[in-house]
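What follows is a single structure, written as structure tokens, with notes after it.
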2 protein chains.
Amino acid sequence: MIQNLPGSQNEAQFPALTPRQREVLRVLVQEYVASATPVASGTLQRIGDLGVSSATLRNELALLEELGYLDQPHTSAGRVPSVRGYRYFVEQLMEQRDLPAPERRMIMHQFHQIRLNLDQWMELTAAVLAQVSQVASLVTPPHANRAEFKHLELISTHETLCLMILVLQDGSVHQEMLSVTPELDQATLSAASNQLNALLAGLTADEMVARPKPELTTLSEWKRQVLERVVDLMRVAEQRAVNQIYRDGLVNIFGEPEFQDVARTMQVVEMIERQQLLQRILQGTLETNGVQIIIGGEGSYDELYDVSLVLSPYGIPNRASGVLGVLGPTRMHYGRAISAVRYVAQMLNSLVAEVYG
Amino acid sequence: MIQNLPGSQNEAQFPALTPRQREVLRVLVQEYVASATPVASGTLQRIGDLGVSSATLRNELALLEELGYLDQPHTSAGRVPSVRGYRYFVEQLMEQRDLPAPERRMIMHQFHQIRLNLDQWMELTAAVLAQVSQVASLVTPPHANRAEFKHLELISTHETLCLMILVLQDGSVHQEMLSVTPELDQATLSAASNQLNALLAGLTADEMVARPKPELTTLSEWKRQVLERVVDLMRVAEQRAVNQIYRDGLVNIFGEPEFQDVARTMQVVEMIERQQLLQRILQGTLETNGVQIIIGGEGSYDELYDVSLVLSPYGIPNRASGVLGVLGPTRMHYGRAISAVRYVAQMLNSLVAEVYG
DNA sequence: CGTTAGCACTCGACACACCAGAGTGCCAGA
DNA sequence: TCTGGCACTCTGGTGTGTCGAGTGCTAACG
């Protein structure tokens, strides 16, 4: 289903192809990606520089189709790559290039111009990825899969309400209003947060509950409530590795010919709005390393039959890691997408390393 | 361009229509909204209960077209409302109903079930609006147009980096990393934030800069840097009344027949992604009161020729106010949209009043 | 004078046929 | 093993005819 790049270990799953067959497949995929129309034997002969006639190519094409690498929309049309064909292309035929230097410079430049603000990082990342890959982009903020307490702040706002701000070890900030009775002034609240900060420093939610320090068991009623909310928030933070997803460049893919059909467009919009599927996929990527490619759902995800994903985790595993990637039509420029994703992931790796040490 | 509701003061702009003409227009708009196909004189006679023949209706339709209330897609088709027709309908013909009680209860219930968490409020609001109005929804968080300092927190994260959390009077939380040299420990940072909290309480950015308290002028170098960032962040917060926009229900409108044409769909996606136009419009709504309706761009906004907006501000003007509303095709169920927007705005009004006093 | 029946006219939607062209599969021969 | 040739297939575009929905106009009517 999900394959690693490059040099996949399981080449065995593909029957051996002759060099010429490989070349035919390579040229065909490239041409189809560029032209978006089924590739005919004649076209292939013209552009492919294969030194054989179109008749020979027809034989090869028929064979490749039989092996499942190609599909034929109808009898008298050219061939298009099947999911399996794309897979083979991506794993064995594609030349992996780095992003061109000017683009690298441009990205670097943009990242060094902005403030150290997570929100802006994420937006910039999504924007850059969308621009360079020319498809739609997805980015999730860094996240630690063990939520450790760092800092709590209680700020009186109005009557019995106060704003609770919770900062975790991974730098994530969580906020929530809560109502404390009786009405307490800021000094009392500050004293309480100082007290809790001292008691909770570095703890996980489980530790707070399972073996609470003696001081925690003798807290006053309202402080106990605060503690309970802290535990809740931390649990939520732990569970949902991927909650927010930053996006950009949806227009890029809706311009492509395969999305002329509105039904497909809607499918993508719905998937992106509902998020659940996307969250599951991104969560999966978090636990791998290197660039991952999911082509046309590849059996596991019917909902994204028409689209492919190129994803990569970034950051420091378990401490502060997120996922970034792009989403485009199956007929997508994988080379460009992979280079872009890989480079931007590296970029964020070093940024995260700088910030989280 | 943008008109208030209800009982607009400028009825003069519409030439007088006979009661029957008004009724014809009313029925026609309703029918077109429901059926999405041009309405013929025969259909009108059948459903309209107007007591006249289709021939008479044809005469009336011709007249209404001449007056600019209707358009005719082609010679032998029925009539569709023009922008002007919708405007008249919305201002003078539509019966304004409250949301049905079950829906009101459902909304109320949902709002009382969630935590006091701004993010969740906004998401819920968007979801509810989309569900009830059956079109796409837009919501912006509450915002004060005078940013007053409330609380600052500096949290050491790693080496020379620290996380600055700034809370403003309107409850908004802003965060940013900053690098302070030399490396400072948490105690020093806490002392500094206490000091600044005392000095800056209740001030605006302008006040901090224009007539700084004497203590502010003698701050150490790194504290001065912190102060500078505070001022910056507050300026940004003041200027950008609408930065984040919560959305939901895009699929609702892409299902409509007018969006079978992908070009239109793309236009909407692009507008929503680029945000600038949307921000300008929502910002405008912030300065009005009551529900506002923008139909088919109405001259001012070419980009949204095919869509209408129903918007309302909510909250406490200048103190904590935002905008919510829906976006749908011009052929939209305005009655439902307006009821939904008005009710949800009321809902948020009371929530905001509860929290901000 | 407003209303209506009748009727001719217009135009889009749909079905159908037709053709050109692109592309294939297969076979026989090099 | 490759290739030229050829028959076959299928799509897409275009032209034609027909149907029906809907209009505008006119003349008649209460």
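The analysis underlying the following values was restricted to heavy atoms, covering all of them including side chains, and did not include hydrogens, waters or symmetry mates. Here is the naming used below: chain letters follow the sequence lines, and residue numbers restart at 1 for every chain.
Side-chain to base pairing of B:R79 with D:dG24: no donor and acceptor N or O lie closer than 3.5 Å to each other. Judged by distance alone with a 3.5 Å cut-off, a donor-acceptor contact links the side chain of B:S76 to the base of C:dC11.
Across all strands shown, B:A55 has heavy atoms under 4.0 Å from base atoms, whether or not it also approaches the sugar-phosphate. When heavy atoms are screened at a 4.0 angstrom cut-off, A:S41 is found touching the sugar-phosphate backbone but no base atom.
Here C:dT4 presents its C1' atom at 15 Å from CG of B:L50, a figure rounded to the nearest Å. Atom P of nucleotide C:dT3 and atom CD of B:Q21 are separated by 10 Å, given to the nearest angstrom. If you measure from atom OH of A:Y32 to atom C1' of C:dG23, you get 16 Å, rounded to the nearest angstrom. In this structure, A:L57 places its CG atom 11 Å from C1' of D:dT3, rounding to the nearest Å. The distance from atom CG of B:L61 to atom C1' of C:dT3 is 15 Å, rounded to the nearest whole Å. To the nearest angstrom, C1' of C:dG23 lies 13 Å from CZ of A:R46. In this structure, CD of B:Q45 is placed 15 Å from P of D:dA21, rounded to the nearest angstrom. The CG atom of B:L63 sits 16 Å away from the C1' atom of D:dT23 (whole-angstrom rounding).
Here the nucleotide nearest the side chain of B:A40, chosen from C:dC26, D:dC10, D:dG22, is D:dG22. Checked against D:dG24, D:dT9, C:dG12, the side chain of A:T75 finds its nearest nucleotide in D:dT9. Picking from C:dG6, C:dG12, C:dC26 the nucleotide with the shortest atom distance to the side chain of A:R58 gives C:dC26. Comparing atom distances between the A:T56 side chain and each of D:dT3, C:dT4, C:dG12 picks out D:dT3 as nearest.
Using modelled atom types, one finds a donor on one side chain and an acceptor on the other under 3.5 Å when comparing B:Q96 with B:R342.
For the pair A:R247 and B:E273, the salt-bridge criterion is not met [side-chain N within less than 4.0 Å of a carboxylate O]. In summary, B:E60 and B:R58 do not engage in a salt bridge, as defined by a charged side-chain N under 4.0 Å from a carboxylate O.
Between B:Y86 and B:Y334, the two ring planes are tilted [angle within 30° to 60°].
A cation-pi arrangement is absent between A:R264 and A:F259, since the terminal nitrogen or guanidinium carbon is not both under 6.0 Å from the aromatic centre and inside a 45° cone about the axis.
When each of B:N59 and A:P38 is assigned the nucleotide of DNA chain C with its nearest heavy atom, B:N59 is the one assigned upstream, toward the 5' end. Each of B:H74 and B:S53 was assigned the nucleotide of DNA chain C with the nearest heavy atom; the assignment lying further toward the 5' end belongs to B:S53.
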